[in-house]
Trainee: 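One structure coming up, written as structure tokens, with questions to follow.
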Amino acid sequence: MVSNLFPPLARMIKVSVLGKEFDVPEKTTILRDLQFLFPWEISLGDFCWNNECGNCEVIFKTDGDGVLRRTRCCQYQICDGMRIVEVSKELHRCIKAKLEQT
Ligand code: FES
């Protein structure tokens with residue numbers, strides 16, 4: 001059986017994570033795209049991927065209205081221009097070191 005973590009890609013989109021810019025696949029969840037950027041770190045993190053643990057919460061803005069929103073990123077689809085401005089303690093623990101290297 002072939003595992004397909006990412007749906008077929010139409011294009012890459014631009015997002016920022018704690019002030020750093022990245023290109024990520026569109027049409028998937030924020031958490032899946034964080035795994036795209038930080039594969040080992042997210043895969044080894046304490047995430048249920050099923051809207052139960054709450055360890056994936058982020059606060060973000062979009063280009064549209066600039067309003068801050070909180071969501072569980074395993075459940076929310078990423079969009080072009082999204083700016084993730086705060087992440088949960090677990091996400092921060094997972095990506096901090098790699099993020100500082102970029
Ligand atoms: S990973 Fe558990 S709620 Fe999102």
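Bear in mind that the values here come from a model prediction, so they are computed numbers and not experimental data. In listed order, ligands and their atoms are each counted from 1.
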Trainee: Answer yes when Lys14 and Asp80 have at least one side-chain N-carboxylate O distance shorter than 4.0 Å, and no when they do not.
Mentor: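 Salt bridge: no.
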Trainee: Check whether any N, O or S atom of Cys74, backbone or side chain, sits closer than 2.8 Å to atom 4 (Fe) of ligand 1.
Mentor: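 A backbone or side-chain N, O or S atom of Cys74 is under 2.8 Å from atom 4 (Fe) of ligand 1.
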Trainee: Taking the six-membered ring for Trp and the single ring otherwise, decide whether the centroids of Tyr76 and Phe60 are under 6.0 Å apart.
Mentor: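 Ring centroids of Tyr76 and Phe60 are less than 6.0 Å from each other.
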Trainee: Has Lys20 got a side-chain atom pairing as donor or acceptor with Leu99's backbone, closer than 3.5 angstrom?
Mentor: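 Yes, Lys20 side chain to Leu99 backbone: donor-acceptor pair under 3.5 Å.
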Trainee: Would you mind checking which non-hydrogen protein atom is closest to atom 3 (S) of ligand 1, with the distance to 0.1 Å?
Mentor: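 Checked against all protein heavy atoms, atom 3 (S) of ligand 1 sits closest to Gly54 N, 3.2 Å.
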Trainee: Just which atoms of ligand 1 are under 4.0 Å from any heavy atom in Asn51?
Mentor: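 Checking each atom against Asn51, I get 3 (S).
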Trainee: Atom 4 (Fe) of ligand 1 to Cys56: any N/O/S contact under 2.8 Å?
Mentor: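 True for Cys56.
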Trainee: Can a side-chain donor-acceptor contact be found between Gln35 and Arg32 if the only test is distance below 3.5 angstrom?
Mentor: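 A pair is found: one side chain offers a donor N or O, the other an acceptor, under 3.5 Å apart.
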Trainee: Tell me, which protein residue and heavy-atom name are nearest atom 1 (S) of ligand 1, and how many Å apart are they?
Mentor: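 Its nearest protein heavy-atom neighbour is Trp49 N, 3.2 Å.
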Trainee: Decide if atom CD of Gln77 counts as having more than 12 heavy atoms of other residues, nucleotides or ligands within a radius under 6.0 Å.
Mentor: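 Atom CD in Gln77 is crowded, with more than 12 foreign heavy atoms closer than 6.0 Å.
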Trainee: Tell me whether Asn55 contacts the main-chain N or O of Asp46 through its side chain, where contact means a donor paired with an acceptor under 3.5 Å.
Mentor: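 Yes, the answer is positive, given that a donor and an acceptor are paired below the 3.5 Å cut-off.
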Trainee: Side chain or backbone of Gln75 under 4.0 Å from ligand 1, or both, or neither, by non-hydrogen atoms?
Mentor: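 It is neither part, as no heavy atom is under 4.0 Å.
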Trainee: Using a strict 4.0 Å cut-off to heavy atoms of Cys53, name the atoms of ligand 1 that fall inside it.
Mentor: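 So the answer, numbered in order with elements, is 1 (S), 2 (Fe), 3 (S).
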